[in-house]
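Input: a single structure, listed below in structure tokens.
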Amino acid sequence: DVAKATAYTLAANDQWGDAGTLNNGSTIDNPSANDTVDVNNFTLTISDTDGGAKGIGAITDGGAGGDVAVIGNTATNLTATAATIAVNGNVSLTHDADNRANITLTLGTGASTIGGTLNITSSDATANSQLLLDVTGSLVVTGATTLVGAAGGNGSDVALTVDKAATFT
């Protein structure tokens with residue numbers, strides 16, 4: 001329920017997840033779907049360590065360089081959603097090692113902006129999986145954009161889809 005969503009402002013690097021015991025960060029202990037996050041110059045990590053992440057509301061950055069990192073840690077697919085991302089820092093989707101599963105981050109129909117770099121990078125040469133950033137709204141990236149698929153016949157693929165206007169400067 002968006003009307004009951006909590007607005008988090010990070011005071012340190014933190015992790016989003018759905019486990020009731022997720023308390024490794026200083027701000028987000030047990031998020032609910034549609035909660036919003038101001039990364040506030042820190043890094044918000046979205047990973048599959050605690051299972052599939054609940055849908056995030058808007059991710060913003062009240063600071064000058066907060067980041068969002070989506071990391072595949074296990075062989076279980078990670079499908080995460082966020083209403084939008086508007087950060088001054090970097091956004092990345094990566095595998096942390098070989099034999100990892102698919103990662104999909106879907107952003108909603110609003111406008112998303114990335115003031116730093118956008119990196120979708122796989123070094124997983126052993127699993128035929130995919131890293132996908134699916135933007136159903138518009139996207140502006142003012143830093144460098146890097147897409148790197150893994151080498152090898154079974155290596156992971158990377159993809160970026162944008163349904164509306166896209167600007168890369």
Side-chain angles (χ1 to χ4, degrees), residues 5-74 76-97 100-108 110-124 129-135 137 139-148 156 158-160 168-169:
T6 299
Y8 293 104
T9 299
L10 299 188
N13 295 337
D14 214 333
Q15 182 170 342
W16 180 272
D18 67 353
T21 59
L22 184 67
N23 57 11
N24 65 332
S26 62
T27 304
I28 302 172
D29 287 333
N30 186 17
S32 298
N34 299 312
D35 287 352
T36 62
V37 180
D38 178 349
V39 293
N40 195 35
N41 283 331
F42 296 101
T43 299
L44 174 66
T45 300
I46 303 166
S47 80
D48 51 7
T49 302
D50 293 291
K54 292 180 180 177
I56 307 169
I59 300 172
T60 60
D61 184 6
D67 300 327
V68 177
V70 183
I71 303 172
N73 294 313
T74 68
T76 303
N77 291 343
L78 170 61
T79 302
T81 61
T84 57
I85 289 180
V87 296
N88 297 313
N90 307 313
V91 173
S92 62
L93 281 75
T94 58
H95 283 131
D96 74 337
R100 300 303 184 213
N102 298 326
I103 298 172
T104 301
L105 174 62
T106 301
L107 302 179
S112 289
T113 58
I114 301 169
T117 62
L118 169 60
N119 296 304
I120 306 173
T121 305
S122 176
S123 60
D124 189 348
S129 58
Q130 184 178 56
L131 281 71
L132 169 63
L133 176 58
D134 183 12
V135 183
L139 176 65
V140 174
V141 180
T142 58
T145 298
T146 304
L147 306 174
V148 179
S156 291
V158 298
L160 168 64
F168 300 91
T169 57

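Side-chain contact check for Val91 versus Thr117: every heavy-atom pair is 4.5 Å or farther apart. Looking at heavy atoms from C-beta onward, Leu44 lies out of side-chain contact with Asp67 at the 4.5 angstrom threshold. Contact annotation: the side chain of Thr106 approaches that of Thr104 to within less than 4.5 Å [non-hydrogen atoms, C-beta and beyond]. Residues Thr113 and Ile85 are not in side-chain contact: their nearest non-hydrogen atoms beyond the backbone lie 4.5 Å or more apart.
Looking at every heavy atom in both residues, Ile59 comes nearest to Val68 through CG2-CG2, 3.8 Å.
Rounding to the nearest 0.5 angstrom, the gap separating the OG1 atom in Thr121 from the CG atom in Leu147 is 7.5 Å.
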Exercise. Asn102 and Leu132: side-chain contact (heavy atoms from CB on, under 4.5 Å), yes or no, with the steps?
Worked result: CA-CA 8 Å; Asn102 298 326; Leu132 169 63; over 6 Å; no

Exercise. For Thr146 and Ile120, what are the C-alpha separation, side-chain angles and deciding distance, and is it a side-chain contact (heavy atoms from CB on, under 4.5 Å)?
Worked result: CA-CA 6 Å; Thr146 304; Ile120 306 173; over 6 Å; no

Exercise. Under the side-chain contact (heavy atoms from CB on, under 4.5 Å) criterion, do Val39 and Thr60 qualify, and how do the steps go?
Worked result: CA-CA 6 Å; Val39 293; Thr60 60; over 6 Å; no

For this session: For the pair Ile56 and Ile46, evaluate side-chain contact (heavy atoms from CB on, under 4.5 Å) and give the outcome as yes or no after the intermediate values.
Result: CA-CA 10 Å; Ile56 307 169; Ile46 303 166; 3.6 Å; yes

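With Asn34 contributing its side chain and Gly57 its backbone, the two residues share no donor-acceptor pair below 3.5 Å. Looking at Asn13, its side chain never comes within 3.5 Å of a backbone N or O of Phe42 through a donor-acceptor pair.
When Leu78, Leu131, Thr45 are each tested for a side-chain contact (heavy atoms from CB on, under 4.5 Å) with Val70, only one passes: Leu78.
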